[in-house]
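Each chain gets a letter, A, B and so on, in the order its sequence line appears, and its residues count up from 1. Values below: every heavy atom of this structure, side chains too, minus hydrogens, waters and symmetry copies.
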Amino acid sequence: MKLEGSYDAKKVEDKIYKLWEDSGFFNPDKLPKSYKIKAKSFTIIMPPTNANGNIHAGHALVMTIEDIMTRYKRMKGFKALWLPGLDHAGFETQVVYEKKLEKEGRSRFVITSEELYKEILDFTLENKKNIESQIRKMGASCDWSREKFTLDKDIVKIVYQTFEKLYKDGLVYRGKKIINWCTKHQTSLSELETENTERQDKLYYLKYGPFIITTARPETKFGDKYVVMHPKDKRYENYKDGQKIKLEWINGPIEATVIKDEAIDMEFGTGAMTITPWHDPIDFEIAQRHNLDKKQIIDFQGRLLLIAGEFAGKKITEARPLIVEKLRSKGLVEKIDENYKHSVKTCYKCNSLIEPQIKDQWFLKMEPLAEPAIKVIKKGRIRFIPSHYKKIILHWLKNIIDWPLSRQIVWGIPIPSKICQICHYVMVDIDDKLKSCEKCRGNLQKDSDTFDTWFSSGQWPFATLRTNSEKDFKNFYPTDVMETAGEIIFFWVARMIMLGIYSTRKIPFKYVYLHGLVLDAKGQKMSKSRGNVINPLDITQKYGTDSLRIGLVMGNTPGQSLALDENKIRGYRNFANKIWNASKFVLINTKDYKPTVKKPKLTAKQIKNLKDLQKVIKEVTKLMDDFKFYYAAEKIYHYFWHVFCDKIIEESKPALAGIAELRRNSGGIAHELNNRHATQYMLLEMLSQSLKLLHPFMPFITEGIYQQLPIKDKKKCLMVESWPR
RNA sequence: GGGCGAGUAGCUCAAUGGCAGAGCACACGGUUUACAUCCGUGGGGUUAUAGGUUCGAAUCCUAUCUCGCCCACCA
């Protein structure tokens with residue numbers, strides 16, 4: 001690489017990445033000898049990237065921050081391991097693939113699950129390759145020899161072992177419980193995969209025998225045969241718990257039962273309501289408490305069942321007005337509140353209404369898992385950056401509910417359980433050995449469900465290390481930093497902490513660094529529908545990876561969202577060019593410099609200049625240790641441009657000038673020659689130290705220039721130079 | 001209903017008890033032999049509001065306002 005013209009990132013980046021990768025230094029076991037003296041390790045497990053598309057701006061930020069940490073620690077002499085991985089991303093990928101199918105005019109429901117699985121697998125593996133090269137493009141110094149994929153056989157085996165252990169410990173259980181059902185995607189979802197949406201609906205006041213009850217969903221009321229009120233409600237003190245009441249209802253006369261329960265809000269409506277335990281979580285709980293019947297009204301496609309009589313087979317949306325009409329004609333409608341504001345649950349992917357349903361599934365008991373997690377977080381053994389996330393995660397952990405693990409989609413890790421077709425006994429069978437029911441010898445049927453993808457990624461830190469080797473697990477676990485998006489603190493971070501402690505009896509990581517969202521230049525969330533998505537690879541192509549990287553870091557405090565403005569990146573492209581030109585100047589003026597010569601005698605000014613640099617190094621190092629990369633980057637930027645370039649280089653021009661010019665300046669030639677030599681020494685010293693400080697942020701350009709420097713004891717790569725002290 | 005974050009120069013954000021800063025933008029002036037993707041100079045602030053603590057507050061406390069986000073089972 002020659003230093004001429006202005007800096008052209010495209011010409012050098014791929015070559016430099018190859019130099020690094022070929023050196024083997026991404027692998028902490030293959031670092032140069034000097035590194036092994038300090039046996040301490042530094043580990044980051046890369047959040048496994050979803051292999052269902054291209055990397056987006058958020059990934060670029062992940063790669064940048066984690067690479068900065070890794071390169072910094074590596075230069076500090078740690079055995080730095082950054083372990084890369086990719087995620088099959090169960091539901092997320094299936095949703096992406098279903099959209100693709102829709103575009104092609106196909107539907108997942110007419111393809112056999114084997115075929116669908118195969119298609120999505122091909123799709124994912126293709127994307128996986130693609131993303132691996134995009135991660136390289138970002139300059140990520142991760143150890144590809146240890147790369148993991150969430151569907152690797154050995155990873156799946158660990159996931160199964162954890163599941164079995166949880167089962168044996170009584171923490172995972174099969175339950176007929178109410179779940180969030182997405183009618184479009186035909187699967188259950190966890191709480192986190194649903195959203196609450198504010199809506200304005202009608203609230204119906206209906207005559208239910210002697211009571212007036214309220215409902216927003218008249219179409220679910222067919223089977224309602226319990227009317228519930230608060231035990232302390234004076235208005236209903238004449239009605240006894242368990243009392244039977246005959247009354248006329250939608251499809252004829254029924255016998256209703258009075259239930260008293262404290263869950264009822266006396267302020268709401270008339271303080272009396274009927275319950276639909278199959279399709280409402282609160283009603284379900286009341287029914288559980290009083291041991292009441294539960295009846296399904298709506299099927300999994302969102303259509304009314306036979307219980308609805310004449311309305312059976314109709315979609316709930318079309319049935320609702322018809323049902324209200326019938327109620328009205330029977331004189332059962334007291335009044336309708338037209339402006340009823342409430343929030344409804346929707347699927348976080350398709351925004352369609354969630355239909356609560358009772359379904360037999362696997363659940364994970366969370367409280368016993370959360371307890372030790374709460375303890376270590378409270379004690380500060382896991383530190384959050386920024387620190388307020390500590391409160392957020394503790395609040396969530398303290399109010400945790402059981403986690404439904406089963407998903408009715410093909411794209412995922414199959415749940416290793418079998419059910420007896422005769423006695424319905426359920427067995428966990430991780431080695432696929434069982435041929436018949438342990439209890440009644442009946443035939444077994446495999447569970448067709450798959451795990452929630454977060455169940456496997458929740459085991460990622462120890463699973464990745466263990467499957468590489470037990471030695472790796474010993475050397476690199478617990479890991480040091482988990483760096484990821486603040487958005488997925490519950491989805492992922494909390495579960496890694498719980499499952500990590502459960503499986504290994506150790507915390508999985510010491511620091512959790514959470515970055516914010518990357519927004520567009522106007523501070524808007526990027527989305528395909530808005531059409532404001534910035535592709536990081538386009539930016540890289542235009543301005544170079546280094547410019548994008550430092551642009552993503554500067555002014556980006558952890559936890560806070562960041563506006564990605566192309567103008568800003570252009571500014572850092574200029575900075576890259578500045579580095580290039582300053583280096584060019586130093587190299588041109590040090591052609592006759594001999595690195596083997598002893599350190600020359602420096603002037604007082606030169607000594608002071610070097611001392612100032614020492615100060616900057618100290619400050620930057622402190623900031624790096626405090627995870628304040630945005631601030632460290634700014635300090636180096638300022639030093640390089642406005643001190644080194646604007647002052648030092650300018651001031652050293654006379655001393656570097658040719659002898660003819662020096663004669664005119666009087667003074668002894670020998671002295672001036674010495675001064676020239678000393679100036680060269682100072683400039684090279686400052687340049688090489690600056691390049692080291694800049695390297696974690698802008699690895700490509702700094703490495704490229706380093707390769708040209710005429711300095712003593714040069715390493716093979718700047719990447720493995722020691723961090724300045 | 002509860003919680004969290006933010007509010008500082010035109011814009012994007014730093015600075016958490018000690019002279020309020022940077023980048024971009026703007027204005028003026030520069031072909032100084034690395035760089036016009038550059039250099040020099042400059043304007044621009046009652047740190048959202050009100051009160052309090054302190055020798056000293058953007059920073060700590062109290063209240064209020066605005067914006068954003070998260071959590072929550074009013075049928």
Side-chain angles (χ1 to χ4, degrees), chain A residues 3-8 178 191-192 195-196 203-206 213-218 220-221 224 227-229 263-276 280-286 340-345 356 386 388-396 399 401 486-487 489-490 516-517 519 521-525 543-544 547 550-551 554-557 559-589 628 630-631 633-635 637-638 641-642 645-646 649-650 653-654 656-658 661 683:
Chain A
L3 269 76
E4 51 192 25
S6 48
Y7 177 57
D8 186 355
I178 200 151
E191 284 309 296
L192 293 173
E195 270 167 10
N196 292 314
L203 184 66
Y204 303 89
Y205 287 71
L206 305 178
I213 57 123
T214 46
T215 182
R217 300 194 61 191
T220 64
K221 302 274 109 182
D224 287 16
V227 58
V228 193
M229 53 218 75
I264 299 299
D265 177 3
M266 287 189 269
E267 307 288 313
F268 191 94
T270 59
M273 72 169 197
T274 61
I275 56 166
T276 313
D280 187 287
I282 317 151
D283 296 4
F284 177 83
E285 271 176 33
I286 294 173
Y340 174 58
K341 261 190 206 153
H342 66 153
S343 63
V344 293
K345 268 192 190 170
H388 72 259
Y389 274 107
K390 178 178 171 176
K391 278 187 261 178
I392 295 174
I393 197 168
L394 279 175
H395 181 261
W396 188 78
N399 296 292
I401 58 169
E487 279 183 296
I489 183 165
F490 306 139
L517 241 43
L519 308 171
K522 290 177 196 150
Q524 300 269 320
K525 202 168 172 174
Y543 303 107
S547 316
I550 197 158
M554 266 304 189
N556 184 4
T557 39
Q560 227 68 300
S561 58
L562 160 87
L564 179 56
D565 188 347
E566 198 174 319
N567 281 323
K568 189 176 165 188
I569 306 300
R570 190 183 306 125
Y572 295 119
R573 189 268 321 262
N574 296 353
F575 179 53
N577 195 46
K578 189 75 182 175
I579 298 172
W580 183 259
N581 276 298
S583 305
K584 198 160 77 185
F585 176 86
V586 172
L587 286 180
I588 289 167
N589 285 286
K628 293 183 179 169
Y630 59 100
Y631 206 6
E634 197 186 302
K635 282 244 189 294
Y637 175 96
H638 187 265
W641 198 320
H642 301 298
C645 294
D646 292 350
I649 285 188
E650 290 308 320
K653 277 178 180 172
L656 292 169
E661 188 161 333
L683 288 177

- Mind jotting down which residue pairs meet the salt bridge (charged side-chain N to carboxylate O under 4.0 Å, His left out) criterion with at least one end in residues 566-578 of chain A? Sequence neighbours excluded, please. A/K542-A/E566

- Just call it for A/D265: base, sugar-phosphate, or nothing, with non-hydrogen atoms closer than 4.0 Å on any strand. base

- Nucleotide nearest A/Q560 (side chain, heavy atoms from C-beta), chosen from B/U37, B/C73, B/A6: B/A6

- Item | By salt bridge (Lys or Arg N to Asp or Glu O under 4.0 Å) - contacts of A/E650 (at least two apart) | A/K653

- Message: Taking any heavy-atom pair under 4.0 Å as a contact, classify A/Y630: base, sugar-phosphate, or nothing.
- Response: sugar-phosphate

- If we call it a pair only when both distances are under 3.5 Å in a Watson-Crick or G-U wobble match, what pairs with B/G5? B/C67

- Phosphate oxygens OP1/OP2 of B/A34: is one of them under 4.0 Å from a side-chain N or O of A/S583? no

- Message: Do A/E191 and A/K345 make a side-chain contact, defined as non-hydrogen atoms from C-beta onward lying under 4.5 Å apart?
- Response: yes

- Check every atom of B/C74, B/A72, B/G23 against the side chain of A/N196 and return the nucleotide holding the closest atom. B/A72

- What string of B, S and - do you get for nucleotides 38-45 of chain B, 5' to 3', if B is base contact, S is sugar-phosphate-only contact and - is no contact with any protein heavy atom under 4.0 Å? SSS-----

- Does a nitrogen or oxygen in the side chain of A/K653 sit under 4.0 Å from OP1 or OP2 of B/A34? yes

- Item | Nearest-neighbour nucleotide for the A/S6 side chain, B/U37, B/G23, B/C4 considered | B/U37

- The nucleotide from B/A34, B/A15, B/C71 with an atom nearest the side chain of A/H395 is B/C71

- Message: I'd like to know whether NE2 of A/H342 has more than 12 heavy-atom contacts from other residues, nucleotides or ligands below 6.0 angstrom.
- Response: yes

- B/C11 and B/C74, which share atom name C1', separated by this distance in whole Å: 44 Å

- State, without any angle test, whether A/N196 and A/S343 hold a side-chain donor-acceptor pair at a distance under 3.5 Å. no

- Task: Could you say whether A/D565 or A/W396 is positioned toward the 5' end of RNA chain B, judged by the nucleotide with the nearest heavy atom to each?
- Result: A/D565

- Task: Would you indicate which nucleotide in B/A14, B/C4, B/C71 comes nearest to any side-chain atom of A/F490?
- Result: B/C71

- Message: Among B/A34, B/G5, B/A14, which nucleotide has an atom closest to any side-chain atom of A/H388?
- Response: B/G5

